[in-house]
There are 2 protein chains.
Amino acid sequence: MEKGKVIPVCDVEIIDEKKVEAAREKIENIDQVLGMADIFKLLGEPTRLKIILALENSELCVCDLAATIDSTVSAVSHQLRLLRNARLVKYRKAGKLVYYSVEDEHIDKIIEQVKEHIEE
Amino acid sequence: MEKGKVIPVCDVEIIDEKKVEAAREKIENIDQVLGMADIFKLLGEPTRLKIILALENSELCVCDLAATIDSTVSAVSHQLRLLRNARLVKYRKAGKLVYYSVEDEHIDKIIEQVKEHIEE
DNA sequence: AGAACATTTGAACACTTGCGCAAATGTTCT
DNA sequence: AGAACATTTGCGCAAGTGTTCAAATGTTCT
């Protein structure tokens, strides 16, 4: 780079118009893309992922959940709210206790797939 | 809540020891859990997810990638670095251009699974 | 009603992170 | 060598986020 010239950055120019058009179809449904990102983001945080994993087999109350993943009740509760809002977990009240479990079996498949990816 | 009493929070006490022990096995391999979270986190950001989706069918150069997802070359390049480091995408140089493509077919399966989850 | 306790929640804080900008790098031309 | 251009990268910042602490809520007892 020399002189005070304007540095053009490939921004408007498109190299291969056809491929761009084809690829655009993959992300044209923006709501779907953002929805997927939301799910991934929720699973992409260690505390939340641990919660989901811990609940894979059986329901647990918040207290035991915190003990299981070695966190605090407060931290777990905060994250459970996000998982609840996204319908990734469901809950059932039993007196003072609240038992959480995974809402959807898809989640297990997704996790299994990623586990395979890791272990290759 | 009354008086200046200490507020005990269920922290040491465990309600159901057996279930906690069982659930702990699911997250005992902490490296695996963190590795999975890393993958999810990468896919959990709209720009990065769009990149992966755009590359699903065919490779694209950085310039076209930016045009496809309607972002800037700089932003795309920054995110590509993360995806490269995690081996989610691979690249091939062709003169001034660098063509990126998805590294692993597992990713497509994972995305397909999440897509199904969204659409239910 | 009041004590005890599991859970939730709001605020504050430290920390992370995606992106814009400018400069650097690498390649292909003349 | 130098121009042109695609891509990468370091820096800085605004926005986002996870955790802690304290207080509130809800439930089950006596």
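Just so you know, these numbers use all the heavy atoms, side chains as well, and skip hydrogens, waters and symmetry mates. Residue numbers start from 1 in every chain, and the chains themselves are labelled A, B, ... in the order their sequence lines are given, proteins ahead of strands.
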Of the candidates dA6(C), dT8(C), dT9(D), the side chain of Arg84(B) sits closest to dT9(D)

As its Watson-Crick or G-U partner within any shown strand, both distances under 3.5 Å, dC29(C) has dG2(D)

Output for pair (Gln32(A) CD, Ile30(A) CD1), nearest 0.5 Å, gives 10.0 Å

message: Less than 4.0 angstrom between a side-chain N/O of Lys96(B) and OP1 or OP2 of dC29(C), yes or no?
response: no

| message | Check this for me: does any side-chain nitrogen of one of Lys26(B) and Glu56(A) sit under 4.0 Å from a carboxylate oxygen of the other? | response | yes

From the candidates dT7(D), dC19(C), dT19(D), the one with an atom nearest any side-chain atom of Glu45(A) is dT19(D)

Testing dT8(D), dG18(D), dT7(C) for proximity to the side chain of Tyr100(B), the answer is dT8(D)

Indicate yes or no for a side-chain donor-acceptor contact from Arg48(A) to the backbone of Leu42(A) under 3.5 Å, with no hydrogens or angles considered. yes

Between CG of Leu80(A) and P of dT7(C) the distance, given in whole Å, is 10 Å

As its Watson-Crick or G-U partner within any shown strand, both distances under 3.5 Å, dG12(D) has dC19(C)

* Below 4.0 angstrom, N of the basic side chain to O of the carboxylate: do Lys41(A) and Glu45(B) qualify? -> no

Do the non-hydrogen side-chain atoms of Leu55(B) and Tyr100(B) ever get within less than 4.5 Å of each other? yes

Taken to the nearest whole Å, CG/Leu83(B) to P/dT9(D) is 13 Å

Quiz item: Would Glu25(B) and Leu53(A) count as a side chain to side chain contact (heavy atoms under 4.5 Å, CB included) if you check the C-alpha gap in whole Å, the side-chain angles of each, and the deciding distance to 0.1 Å?
Solution: CA-CA 9 Å; Glu25(B) 291 177 15; Leu53(A) 291 172; over 6 Å; no

Given dG20(C), is OP1 or OP2 found less than 4.0 Å from the side-chain N or O atoms of Thr72(B)?
yes

For dA22(D), the nucleotide meeting Watson-Crick or G-U wobble distances (both under 3.5 Å) is dT9(C)

Does Ser74(A) make a side-chain donor-acceptor contact with the base of dT9(C), cut-off 3.5 Å?
yes

Ranking Lys93(A) and Ser77(B) by the position along DNA chain D of their nearest nucleotide, the one closer to 5' is Ser77(B)

When rounded to whole Å, the CZ to C1' distance for the pair Arg81(B) and dT17(C) reads 12 Å

* Could you tell me whether Leu82(B) contacts a base, only the sugar-phosphate backbone, or nothing, with contacts defined as non-hydrogen atoms closer than 4.0 Å? => sugar-phosphate

Contacts of His78(A) and Val98(A) projected onto DNA chain C by closest heavy atom; the upstream (5') one is Val98(A)

### Message
Strictly below 4.0 Å: does Ser71(A) bring a side-chain N or O up to OP1 or OP2 of dT19(D)?
### Response
no

To the nearest angstrom, the CG-P distance between Leu97(B) and dA4(D) comes to 18 Å

Next on the checklist: Is the phosphate of dT19(D) approached by Gln79(A) (side-chain N or O, under 4.0 Å from OP1 or OP2)?
Outcome noted: yes

Between CD1 of Ile51(B) and P of dT7(D) the distance, given in whole Å, is 12 Å

Q) Distance check: side-chain N/O of Lys41(A) vs OP1/OP2 of dG16(D), anything under 4.0 Å? A) no

Atom CG of Asn85(A) and atom C1' of dT17(D) are separated, to the nearest Å, by 15 Å

Whole-Å distance, Arg92(B) CZ to dG26(C) P, equals 20 Å

Between CG of Leu49(A) and P of dG18(D) the distance, given in whole Å, is 13 Å

- Task: Establish, with yes or no, whether the OP1 or OP2 oxygen of dG18(C) is under 4.0 angstrom from a side-chain nitrogen or oxygen of Arg48(B).
- Result: yes

